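Only one structure is covered here, and it is reproduced in the block below.
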Amino acid sequence: MTSRPRWWKTALGVFFTALMLFPVYWMVNVSFTKTKNMRADPPHWFPWDATTEGYQAVFHQQTPALATSLLIGFGSVALTLVISAPAGYALAKLRLRGTGSLNFILLVAQMIPAVVMAMGFYAIYLRLGWLNTIVGLIVADSTVAVPFGVLLFTAFMSGIPEELIQAAKIDGANTWRTFRSVILPVSRNSIVTVSLFAFLWAWSDFVFASTLDRNGTMIPITLGIYKYIGSNTTQWNSIMAAAVVASVPAAVLLVVAQRYVAAGVIAGAIKE
Amino acid sequence: MAATAFAAPLIVYLVAFYAFPLYRNIELSVHDYTIRAFVQGNAKFVGLSNYADVITSQTFLPALRNTALFTAVSIAFQYTIGLGLAVFFRNNFRLSGVLRGMFLIPWLLPLIVSASTWSWMLNSDSGIVNSVLQAFGIGQINWLTSPGMALVSVIIANIWLGIPFNLVILYSGLQNISPDIYEAASLDGASGWKRFWHITFPLLRPVSAITLLLGLIYTLKVVDVIWIMTTGGPGDVSTTLAVWSYREAFGTGQPAFSPASAVGNLLILIALAFGVLYLYVQRRQETS
């Protein structure tokens, strides 16, 4: 194939991307629009007359919610890693009995609708007193990430050469030591991918937050935005400013770790 | 022995946080639970009558129809657009990597963010969509509040959300098709369109099957987009089974957990049916 300059393809690509990302642009645009211009006809396509009143409102009202979301995100990452990394090792390398059925259960687990899980958790948490607690949300959010994490770790760890494990054994390391000082370090990429998704799913969760933390004093940012919409339909600049702030982790992850994101999407769909 | 020890946390976790909630959910669906019965724990056993009530309810058939429409139309468009873009991005032009990366953004955003942005864009009086349509002489459309358009609106938003997933997976599928085949075809004088129909599409069939089935399973579960944009309304016109279940349990002042869990369990059955199909397709691909 000759490599002619394909500038028109680039132009077309930029056009498609712009079309696709228009809603994102519009969210940012509205977040800077003054309340009095919000219902202008025709709408302002660019915030020439920009204001930061929306962002000020967000930082005054939503800072606790942002902190709560961070806490839930990190908690969910920790729980997911602690459960799924050792399990992945057992499934990949330790000749666990019942591997086939465990893999099957994990696949089926990913198909269960969140709303069904939410009802089950509600019934359980009501008794335990876990409703409206951070711990309750961390546990519920982690259920989305744990099956994914186990499957991803299993797939990756199956590819670790047996010689590496044998060498550690000869040096006198027991299974736990081997796992900690050989397996985990070489699995760094998988750890990053799983953490990333566990964080993003917990940060973005709406169904569990709106069912298990409805009356909590500490609500995550997703629920903060939802309550904003319900109580305050005139100040869309504040709502959109909150939405922009809530999108920051996604944007950061995309810039810092795009290849891990793509790897995760594909790993979730196509097993090696 | 070590294997069991390493897998033990997962097994305990699955029993406590998957099996137990699911068991509780089944239990809810065969009792008559009210909030009071919830606290006191003395709900009456009613067998399958919640299921009978749900199936004979006036909402059941519309919800089933909406679920089918929402899922089928969303997936058809997501897949077609995703595939078109994947083929387009396969031409490694300048900036193609960066632009492809940017296409992931809608998928990474929290659903509340996308859903509320779409709500405002589709707002009847001040939304940008109506404003653009007006410039072309099309009158005001009540996207979210009219019975004819509410389901269309949530489907549009959902298509937008699903394109990145389809693009990423189909693109990776395209990467696995050997360039030699294309070279041979171009020597035989096959045009671009012919190449797509006779090479790309057939060779991509396994990846396509997986993409479509996974999309199906994900789309059946969707609650947030619809709930945030229309709460399933007006009336029941944009109520799917998942939204119906959510509304019964958590969406009104009076939670009705028993019918809600019955609806939820029916939804699980549908999802599992497609899940089994997915596993079957995947197995067959592994052996071939």
Side-chain angles (χ1 to χ4, degrees), chain A residues 6 9-10 13 17 20-21 23-24 26-27 30 38-39 42-43 83 86-87 89-90 94-96 105 107-109 111-117 119-121 123-124 126 139 143 146 150 175 200 203-204 206-207 211 222 225-226 229 236 239 243 246-247 250 254 258 261-262 265-266 269-270, chain B residues 2-3 6-7 9-10 13-14 17-18 20-22 24-25 28 38 85 91 93-96 99 101-105 108-113 116-118 120-121 125-126 128 131 165 168-169 172 210-211 214 217 221 223-224 242 245-246 249-250 257 260-261 264 267-268 271-272 275 279:
Chain A
R6 298 257 181 86
K9 281 198 170 148
T10 302
T17 312
M20 184 72 179
L21 295 186
V24 180
W26 199 247
M27 164 177 83
V30 171
M38 199 60 68
R39 290 176 190 273
I83 305 276
Y89 184 46
L94 296 179
R95 280 181 223 92
L96 181 72
I105 290 171
L107 278 173
V108 170
M111 293 164 191
I112 297 165
V115 60
V116 175
M117 294 296 285
M119 283 185 282
F121 275 123
I124 295 166
L126 193 68
V139 168
T143 58
V146 164
V150 177
T175 317
L200 211 54
W203 176 273
S204 311
F206 171 77
V207 172
T211 54
T222 48
I225 296 175
Y226 183 67
I229 299 173
W236 274 85
I239 297 170
S247 311
L254 193 69
Q258 190 198 325
V261 175
V265 179
I266 294 160
I270 302 156
Chain B
F6 273 76
L10 173 69
Y13 180 93
L14 287 176
F17 301 129
Y18 263 102
F20 191 43
L22 287 177
R24 284 292 277 146
N25 202 62
L28 285 176
F38 234 135
L85 287 166
N91 304 296
F93 50 87
R94 192 183 281 253
L95 288 181
S96 63
L99 295 177
M102 291 177 78
F103 258 84
L104 284 172
I105 292 175
L108 292 172
L109 294 180
L111 276 171
I112 180 101
V113 168
S116 50
T117 304
W118 276 100
W120 182 241
M121 284 173 52
D125 302 315
S126 327
I128 183 72
S131 158
F165 174 78
V168 170
I169 296 191
S172 90
I210 295 294
T211 313
L214 272 182
I217 293 163
K221 305 198 282 191
V223 172
D224 358 26
S245 175
Y246 181 90
F250 304 106
F257 285 101
S261 55
L267 187 62
I268 291 189
L272 280 186
L279 289 174

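Residue numbering restarts at 1 for every chain, and letters A, B, ... go by the order of the sequence lines. Because the structure is a prediction, the values reported are computed rather than measured.
Of the two parts of B:Leu22, only the side chain, counted from C-beta on, holds a non-hydrogen atom closer than 4.5 Å to a non-hydrogen atom of chain A. With a 4.5 Å cut-off on non-hydrogen atoms, A:Val146 touches chain B through its side chain but not through its backbone. Both the backbone and the side chain of A:Leu96 come within contact range of chain B, judged by heavy atoms closer than 4.5 Å. In this structure, chain B has a heavy atom under 4.5 Å from the side chain of A:Tyr89, while its backbone stays farther away. A:Leu200 touches chain B through its side chain: at least one heavy atom from C-beta onward sits under 4.5 Å away, while N, CA, C and O do not.
In this structure a side-chain-to-backbone donor-acceptor pair under 3.5 Å is missing from B:Thr117 to A:Met27.
Distance check: B:Phe257 CZ to A:Met119 CE gives 8.5 Å after rounding to the nearest 0.5 Å. Taking CE of A:Met111 as the reference point, atom CG of B:Leu267 lies at 13.0 Å (rounded to 0.5 Å). Taken from CD1 in B:Ile112 to CD1 in A:Ile225, the straight-line distance is 6.0 Å, to the nearest 0.5 Å.
Scanning both residues, A:Ala243 and B:Val113, for their nearest heavy atoms gives O-CG2, 3.6 Å. Between A:Met117 and B:Phe17, the closest heavy-atom pair is CE-O, 3.2 Å. Taking every heavy atom of both residues into account, A:Val115 and B:Ser245 meet most closely at CG2-OG, 3.9 Å. Residues A:Leu94 and B:Ala3 come closest through the heavy atom pair O-CB, 3.3 Å. Listed here is the closest heavy atom pair of B:Ser126 and A:Met38: CB-O, 4.3 Å. Among all heavy-atom pairs drawn from A:Trp236 and B:Ser116, the shortest one is CZ3-O, 3.4 Å.
Every residue two or more places apart in sequence or in another chain that forms a ring-ring contact (aromatic ring centres under 6.0 Å, His included) with A:Phe206 is listed here: A:Tyr226. Residues forming a side chain to side chain donor-acceptor pair (under 3.5 Å) with B:Tyr18 (at least two apart in sequence, or on another chain): none.
For the options A:Pro113, A:Ala87, A:Pro43, A:Ala90, heavy-atom pairs under 4.5 Å to chain B are most numerous at A:Pro113. Ranked by non-hydrogen atom pairs under 4.5 Å with chain B, the options A:Ala250, A:Ser247, A:Ala123 are led by A:Ala123. Top candidate by heavy-atom pairs under 4.5 Å with chain A, chosen from B:Ser131, B:Ala271, B:Pro110, is B:Pro110. Heavy-atom pairs under 4.5 Å with chain B peak, among A:Val139, A:Ile105, A:Val150, at A:Val139. Listed options B:Ala242, B:Ser96, B:Gly101, B:Gly264 were ranked by heavy-atom pairs under 4.5 angstrom with chain A; first place goes to B:Gly101. When the candidates A:Gly13, A:Pro23, A:Ser204 are compared by the number of heavy-atom contacts under 4.5 Å with chain B, A:Pro23 comes out ahead. Comparing B:Leu111, B:Asn91, B:Leu272, B:Asp125 by heavy-atom pairs within less than 4.5 Å of chain A, the highest count is held by B:Asn91.
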With side chain to side chain contact (heavy atoms under 4.5 Å, CB included) as the test, would you mind laying out the steps for A:Thr211 and B:Tyr246 before giving the verdict? CA-CA 9 Å; A:Thr211 54; B:Tyr246 181 90; 3.6 Å; yes
Using the rule given for side chain to side chain contact (heavy atoms under 4.5 Å, CB included), can you reason through B:Phe6 versus A:Thr175, listing the C-alpha separation, both sets of side-chain angles and the distance that settles it, and then say yes or no? CA-CA 9 Å; B:Phe6 273 76; A:Thr175 317; 3.8 Å; yes
